[in-house]
Amino acid sequence: MIQYEGAKFHPLLLLQRRGSVVPFSCMVALPGAVLAVVLKLIAEHIGWPLLGLDDKDTVAGVAWTSVISLLGFLVVFRTSQAYSRFWEGTASLYRMQGEWFNAASSLVAFCKLSKADKSDTFVFKHTLVRLISLLNAVVLMDLSHSESGNHGSGSTSVRAFELELIDAEGIDRQSLLMINEVTEKAELIFHWIMQLVVESDDRKIFSVAPPILSRAFQELATGMLRYHEARKIARVPMPFPYVQCLELLLLFHLITTPFLTCMWVKSAVWAAVVSFMQVFFLWSLNSIATELENPFGEDVNDLPARDLQLEMNKRLLMLLRPQTNRTARLSSIASFEEQEDEHRPGCMILGKSINLGNDGISQVPKKKNWSCKPQENNQFGCILGNAFR
């Protein structure tokens, strides 16, 4: 996906071809503009009767206006539907990842005061993180693969491991082979996660009551529901009859526009401009709708599956670090009484005024620095185990 600052006007964006529909629309509209100029020059020497046209025909003008209005409505309606599908799919995907991370974070937190063996708790955390990373990757690949229309398991099994996973070699070989064999990969891994939580609860790994633990099950299930909502957009395109009729009307408009434009415009230059602009605007809107109808895939305007997977892995690895398991506490210099801010009269503050910037919290005490720098061989750093895709 192309990243840019939407709040500012950038003239260079007008010249960017990557991800733009302008080049295609120009190639479609340019021949019609050239044809309008040729027809206008011919009409000035031969006359409209030889071409079967009459510049005083008002009936043709009314009919053409009706066709343009209908075609504009159809194109705008398709674009608005595609825009809604794009943001609905994007929201479903981000909500899915949010639900699954919340569930993982809750389950890891539920092990904080576990009375079970520490080795069982340690294995549970690492197994959970690996399975959720694998589930997220399989879902992203399934959504992006749905655009091609081939729903078989042959290419999906290979593409499911193109995204980086968290130490997939740490999962037993039989399970990895089973993932490659079945077509319902996401449902299988989701079922494994549910079973893992149930078995861990039976071993008394969690230190919370069952009603609280059920919240994690609900978040996992809600994330799966969001996945199926996104899958609906990826698998179900715009209705074929609607798209077919719209494409035929656009083609009819492309052919007839040069003839009718040069009939009503006196100048050959303006005939080319008017013909070009009409075709360019309508085909640009239709091309935008084609790009936005499915936000999942490998096109430049689709959601970046690789970046989404890396961000999810980064959050999951954060749950395994020893620093994360430490609960924040008050320091010995904590303030418990409000006082008036000397820089803002009438405003009460608690302690010193410390700001949060892009680089983090300012004025952090140097005696206890709990920051963790990623290291190449540190299993709690940027990667866990060998890089596996």
Legend entry - By salt bridge (charged side-chain N to carboxylate O under 4.0 Å, His left out) - contacts of Lys314 (at least two apart): none
Once rounded to the nearest 0.5 Å, what's the spacing between atom [atom1] of [X] and atom [atom2] of [Y]?
X	Y	atom1	atom2	answer
Glu187	Met224	CD	CE	4.0 Å
Thr127	Ile193	OG1	CD1	11.0 Å
Leu196	Asp201	CG	CG	11.0 Å
Ser133	Asp167	OG	CG	10.0 Å
Arg203	Ser114	CZ	OG	10.0 Å
Phe296	Phe86	CZ	CZ	9.0 Å

Side chains of residues 73-80: which donor-acceptor partners sit under 3.5 Å, not counting sequence neighbours?
{"unit_1": "Arg78", "atom_1": "NE", "unit_2": "Glu293", "atom_2": "OE2", "d": "2.7"}
{"unit_1": "Arg78", "atom_1": "NH1", "unit_2": "Asn286", "atom_2": "OD1", "d": "2.7"}
{"unit_1": "Arg78", "atom_1": "NH2", "unit_2": "Glu293", "atom_2": "OE2", "d": "3.0"}
{"unit_1": "Thr79", "atom_1": "OG1", "unit_2": "Val75", "atom_2": "O", "d": "2.8"}
{"unit_1": "Thr79", "atom_1": "OG1", "unit_2": "Leu285", "atom_2": "O", "d": "3.1"}
{"unit_1": "Ser80", "atom_1": "OG", "unit_2": "Val76", "atom_2": "O", "d": "3.3"}
{"unit_1": "Ser80", "atom_1": "OG", "unit_2": "Phe77", "atom_2": "O", "d": "2.7"}

Any chain of hydrophobic side-chain contacts (each under 4.5 Å) joining [X] to [Y]?
X	Y	result
Trp192	Trp100	yes
Leu303	Trp87	yes
Leu176	Leu163	yes

Inset, instruction - State, yes or no, whether a side-chain contact exists between Glu99 and Leu225 at a heavy-atom distance under 4.5 Å. - result: no
Legend entry - Derivation and outcome, ring-ring contact (aromatic ring centres under 6.0 Å, His included), residues Phe206 and Phe124: CA-CA 10 Å; Phe206 305 116; Phe124 165 75; 5.2 Å; yes
Legend entry - Sole residue of Leu140, Ile166, Val139 in side chain to side chain contact (heavy atoms under 4.5 Å, CB included) with Gln309: Leu140
